[in-house]
Amino acid sequence: MFNLKMYMAGEWVDAENGETREIVNPATGEVIARAAEGTEEDAKKAIRAAREAFDSGSWSELAAAERARYLFAIADKLEERAEELAALETLDNGKPLREARFDVADAAACFRYYAGMVTKPDGQTYHVADPVQAMVVREPVGVCGLIVPWNYPLLMAVWKIAPALAAGNTIVFKPSEVTPVTAIKLFEIIEEAGVPGGVANLVMGPGPTVGHELAASHLVDKVSFTGGTATGRSIMTAAAGNIKKISLELGGKSPNIVFADADFETAVDYALFGIFANQGQVCSAGSRLLLEDSIHDRFVERLVERAKKIRVGAGDDPQTEMGPLVSEAHMEKVLRYIEYGKAEGATLACGGNRLTNGGLEKGYFVEPTIFVDTRPDMRIVQEEIFGPVLAVQRFRDEADAIRLANDTVYGLAGGVFTQDGAKAMRVIKKLRAGITWINCYHPTYNEAPWGGYKQSGIGRGLGTFGFDEFTEVKQINVNLQVQPVGWFEN
């Protein structure tokens with residue numbers, strides 16, 4: 001049993017009111033930890049610590065090479081504790097251990113990427129008409145509130161923390177109240193690496209109170225949030241108080257388009273991976289599969305055949321290919337969407353049930369589920385389910401595929417499978433989505449930007465774009481001929 005505290009101004013603290021929350025293993029329903037349940041006052045305390053640290057210059061004015069040294073040290077320690085962190089991620093989130101190991105490796109690589117970026121040249125100079133040297137430099141935004149969801153607890157934390165610290169900001173980080181374990185371990189590592197107190201602060205608690213305070217506080221200069229679109233709207237509203245900078249990575253209902261000329265088995269394999277990896281709890285999941293009419297029946301038959309063979313079980317079982325959903329409440333939500341699909345007339349090709357056999361009865365397991373005979377107006381086609389539920393749509397031709405692909409309020413991701421390179425590029429260019437793949441699905445890289453169009457968010461994470469999100473641009477003009485301007489005669 002873990003007792004999880006918050007981290008503020010370099011100290012580990014309980015919630016001001018002493019309240020805690022039970023953290024549950026989703027594979028067994030057993031309580032594995034008790035976490036401090038922060039309040040608005042705890043959030044304010046963490047924000048003040050970050051504000052004081054930033055204003056002191058202890059981090060923002062540190063030499064770039066020194067900041068890089070801290071980030072490299074964090075990466076080293078993540079690698080040293082990789083197996084421990086992966087096991088804890090599986091225990092807390094439920095994902096298969098092999099997925100958790102990839103997440104930890106990616107987290108260490110992300111810190112290394114931004115550590116390397118800190119000392120690289122930046123800024124620009126301009127040739128202007130006057131005898132003036134005009135230049136632009138990037139400076140840290142200030143205090144950043146960082147809020148992440150529960151589907152990638154460690155990796156999503158690092159995607160925000162690494163670039164924010166690299167750019168010279170101080171942070172207040174809020175993990176999901178459902179999955180805080182590896183975030184606490186990450187902050188232990190940050191402390192061990194010697195990052196000055198107050199630079200990185202962790203506060204736990206409910207979104208409507210703790211998260212709202214991070215978004216609303218006038219002492220916070222930027223808020224970066226990953227999560228649902230409805231919450232994103234609330235963040236935007238709260239952030240308007242002091243017109244703070246915002247980054248939002250929100251929901252998705254992403255199309256995976258398969259043309260008849262695609263490599264059949266490759267497309268089937270990625271269709272499965274696109275929706276059932278991480279139990280479908282992925283913002284960019286290929287949750288809508290668009291199949292060309294001529295291959296629809298054959299493709300669905302093969303897809304269902306393979307989906308039924310996916311090994312569902314506890315994440316710490318080496319044989320497991322798909323784990324439990326993150327919580328009982330989320331499992332119930334996913335099961336409700338399956339009922340919506342049936343009620344609206346879609347045909348259940350496979351799955352659709354909670355799994356309770358073979359020792360799974362206490363966990364939150366749902367079968368890999370595939371719907372066919374769907375219509376564009378169905379809730380299972382339009383709304384983000386965030387679970388192992390795939391809605392299959394069929395299309396006549398290229399134009400029809402593009403129309404269906406863009407027919408949601410979201411625009412996070414999308415994939416195209418075809419052996420016709422020109423067609424692939426035509427379709428990709430017309431997809432209203434920020435992350436796209438051709439003949440694959442889901443690969444993500446620290447070097448490349450992550451974010452969406454439409455109601456899938458604002459701004460980009462990762463790559464140089466993710467670094468820039470945590471900076472302000474300052475113009476500097478140096479007069480090279482120092483003399484009176486002569487505008488006024490007397």
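- The existence of a salt bridge linking Asp468 and Arg460 is excluded, since no basic side-chain nitrogen approaches an acidic carboxylate oxygen closer than 4.0 Å.
- One side chain, Trp12 or Glu191, offers a donor N or O that lies under 3.5 Å from an acceptor on the other.
- With sequence neighbours excluded, the residues satisfying ring pair (Phe, Tyr, Trp, His ring centres under 6.0 Å) with Tyr70 are Trp59.
- A side-chain N or O of Glu367 and one of Asn353 form a donor-acceptor pair less than 3.5 Å apart.
- Among residues two or more places apart in sequence or in another chain, the side-chain hydrogen bond (donor to acceptor under 3.5 Å, both in side chains) test is passed with Arg306 by Asp269.
- Nearest heavy atoms, Leu4 versus Met204: O-CE, 3.6 Å.
- If you check the side chains of Glu447 and Tyr113, you find no donor sitting under 3.5 Å from an acceptor.
- Between the side chains of Thr182 and Glu89, a donor-acceptor pair is found at a separation under 3.5 Å.
- With 3.5 Å as the limit, one finds a donor-acceptor pair spanning the side chains of Arg138 and Thr471.
- Remark: Lys95 qualifies as a cation-pi partner of Tyr152 under the 6.0 Å distance and 45° angle criteria applied to the six-membered ring.
- Ring to ring, Trp159 and Tyr114 are not that close: their centroids are 6.0 angstrom or more apart.
- By the 4.0 Å N-to-carboxylate-O rule, Glu192 lies too far from Lys185 to be salt-bridged with it.
- The aromatic rings of Tyr270 and Phe273 sit perpendicular to each other, their planes meeting at more than 60°, with 30° as the lower class boundary.
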